[in-house]
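Every number for a ligand or one of its atoms is a count from 1 in the order of the listing. Nothing fancy with the numbering, it's 1 onward along the sequence. Keep in mind the model is a prediction, meaning the values are calculated, not measured.
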Amino acid sequence: MESKTPAQSRTTMTDMVLPSETNALQNLFGGELLARMDRAASIAAGRHSRRITVTASVNHVAFNLAIPLGSVVTVEAAVSRAYNTSMEVYIDVWIEDRYNGKKTKANEAIYTFVAVDETGKPTEVPELRPETELEQIRYEGALRRKQLSLVLAGKMKPDDATELKALFTKN
Ligand SMILES: CC(=O)SCCNC(=O)CCNC(=O)[C@H](O)C(C)(C)COP(=O)(O)OP(=O)(O)OC[C@H]1O[C@@H](n2cnc3c(N)ncnc32)[C@H](O)[C@@H]1OP(=O)(O)O
């Protein structure tokens, strides 16, 4: 299977914040943002694998900035590393200033998707080939995040999490 770059899966979705999507402070409801990120990330994972993809886990979400009613929100997702059947997808969320168009990073998240066949059985995906410096950084950190996610899900023994152990072990 031929490897692919993050650019080949990059998915950008822009939408505004409507009153029905806000919390009591008139900011975007967190669950609404999670759903928007899941949609963009699912499309990115599908573009990388050209298969049906399912969300296996949400590894990290940082709600750094509240997103006010009426904001124009852009969700950008791209595969940051691919393994055998799973893919890490990195998601950046930007808000756009109404008057000068300047974009500010509001949130980021990391999801894991698995490519499956028509029966829901995990199926192989192409490798990821990072190109830019940021893509390389995200690629290199991904195995540590995968191991942490598997340990927390009870699917990997902490003793087998070599990348995690390396964080706490001096040379
Ligand atoms: C777009 C959507 O919203 S879809 C709806 C929400 N999602 C779902 O309904 C998914 C429901 N869950 C499932 O179908 C299954 O649990 C699956 C397909 C995700 C995994 O099935 P499993 O039988 O656990 O498969 P298996 O153990 O072989 O794991 C498959 C891959 O997922 C990875 N994986 C499984 N769980 C996790 C996890 N919690 N964190 C990170 N990776 C994980 C495994 O490491 C493996 O990766 P690899 O093949 O690249 O090494």
Participant: Counting heavy atoms only, name the option from Ile52, Leu148, Thr55 that's nearest to atom 2 (C) of ligand 1.
Facilitator: Thr55
Participant: Hey, is atom 11 (C) of ligand 1 touched by any protein heavy atom at less than 4.0 Å?
Facilitator: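 Neighbour list for atom 11 (C) of ligand 1 is empty of protein heavy atoms (cut-off 4.0 Å).
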Participant: Which residue and non-hydrogen atom of the protein lie closest to atom 34 (N) of ligand 1, and at what distance in Å?
Facilitator: Leu150 CD2, 3.9 Å
Participant: Got the closest protein heavy atom to atom 13 (C) of ligand 1, with its distance?
Facilitator: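 For atom 13 (C) of ligand 1, the nearest protein heavy atom is Val54 CG2, 4.6 Å.
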Participant: I'd like to know if atom 5 (C) of ligand 1 has any protein heavy atom within a distance of less than 4.0 Å.
Facilitator: no
Participant: Verify, without hydrogens or angle tests, whether Ser49 (side chain) and Ala45 (backbone) share a donor-acceptor contact under 3.5 angstrom.
Facilitator: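 Between the backbone of Ala45 and the side chain of Ser49 there is a qualifying donor-acceptor contact (under 3.5 Å).
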Participant: Please report which non-hydrogen protein atom sits nearest to atom 41 (C) of ligand 1, along with the residue it belongs to and the distance in Å to one decimal place.
Facilitator: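 Answer for atom 41 (C) of ligand 1: Ser149 OG, 3.4 Å.
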Participant: Answer whether the closest heavy-atom distance between the side chains of Glu163 and Leu167 falls below 4.5 Å.
Facilitator: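 The answer is no, as the side chains (C-beta and beyond) never meet within the 4.5 Å cut-off.
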Participant: Under 3.5 Å, is there a donor-acceptor pair between the Ser149 and Asn59 side chains?
Facilitator: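 Yes, side-chain donor-acceptor contact under 3.5 Å.
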Participant: Which residue from Pro122, Ser57, Ala56 reaches closest to atom 19 (C) of ligand 1 through any of its heavy atoms?
Facilitator: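 Comparing heavy atoms across Pro122, Ser57, Ala56, the nearest one to atom 19 (C) of ligand 1 lies in Ala56.
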Participant: Under 4.0 angstrom from atom 45 (O) of ligand 1, is there any protein heavy atom?
Facilitator: yes
Participant: Any protein heavy atom sitting closer than 4.0 Å to atom 8 (C) of ligand 1?
Facilitator: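 Yes, there is a protein heavy atom closer to it than 4.0 Å.
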Participant: With no hydrogens and no angle check, do the side chains of Asp117 and Thr123 hold a donor and an acceptor under 3.5 Å apart?
Facilitator: no
Participant: Identify which of Lys121, Met156, Lys146 has a heavy atom lying nearest to atom 51 (O) of ligand 1.
Facilitator: Lys146
Participant: Under 3.5 Å, side chain of Tyr139 to main-chain N/O of Ala82, donor-acceptor pair present?
Facilitator: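 It does not hold such a pair.
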Participant: Just by modelled atom types, is the Thr5 backbone N or O under 3.5 Å from a matching donor or acceptor in the Gln8 side chain?
Facilitator: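 Here the side-chain-to-backbone pair exists.
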Participant: For Ser86 and Lys146, does a side-chain donor sit closer than 3.5 Å to a side-chain acceptor?
Facilitator: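 Side chains of Ser86 and Lys146: pair found under 3.5 Å.
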Participant: Going by heavy-atom distance to atom 32 (O) of ligand 1, choose the closest among Thr53, Ile43, Asp38, Val114.
Facilitator: Val114
Participant: At under 4.0 Å between heavy atoms, which part of Val125 makes contact with ligand 1: side chain, backbone, both or neither?
Facilitator: neither
Participant: Short question: side chain of Ser9, backbone of Pro6 - any donor-acceptor pair under 3.5 Å?
Facilitator: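 Indeed, once roles are kept as given, a pair shorter than 3.5 Å links the two residues.
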Participant: Counting N and O atoms only, with roles assigned by atom type, does the side chain of Glu140 sit under 3.5 Å from a partner on the main chain of Ile137, one being a donor and the other an acceptor?
Facilitator: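 Here the side-chain-to-backbone pair does not exist.
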Participant: N/O of Asn59 under 3.5 Å from N/O of ligand 1, yes or no?
Facilitator: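 No, there is no polar N/O contact under 3.5 Å.
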Participant: Which protein heavy atom lies closest to atom 35 (C) of ligand 1, and at what distance to 0.1 Å?
Facilitator: Lys155 NZ, 3.6 Å
Participant: Distance only, no hydrogens: is a donor on one side chain within 3.5 Å (strictly under) of an acceptor on the other, for Arg138 and Ser80?
Facilitator: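 No pair is found: no donor N or O on one side chain lies under 3.5 Å from an acceptor on the other.
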Participant: Would you say atom 25 (O) of ligand 1 makes contact with the protein, given that contact here means a non-hydrogen protein atom less than 4.0 Å away?
Facilitator: yes
Participant: So, for atom 48 (P) of ligand 1, does the protein have a heavy atom nearer than 4.0 Å?
Facilitator: yes
Participant: Main chain of Asn64, side chain of Asn107: is a donor-acceptor contact present, judged purely on distance under 3.5 Å?
Facilitator: yes
Participant: Ignoring hydrogens, tell whether any protein atom lies closer than 4.0 Å to atom 17 (C) of ligand 1; use the non-hydrogen atoms only.
Facilitator: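 So far as the 4.0 Å threshold goes, atom 17 (C) of ligand 1 is out of reach of every protein heavy atom.
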Participant: Hey, looking at atom 30 (C) of ligand 1, which of Asn84, Thr85, Val151, Thr112 has the closest heavy atom?
Facilitator: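 Looking at heavy atoms only, Thr85 sits closest to atom 30 (C) of ligand 1.
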Participant: Which is closest to atom 50 (O) of ligand 1 by heavy-atom distance: Ser86, Ala153, Gly120?
Facilitator: Ser86
Participant: Do you know which of Arg10, Arg81, Arg129, Lys4 makes salt bridge (Lys or Arg N to Asp or Glu O under 4.0 Å) with Glu135?
Facilitator: Arg10
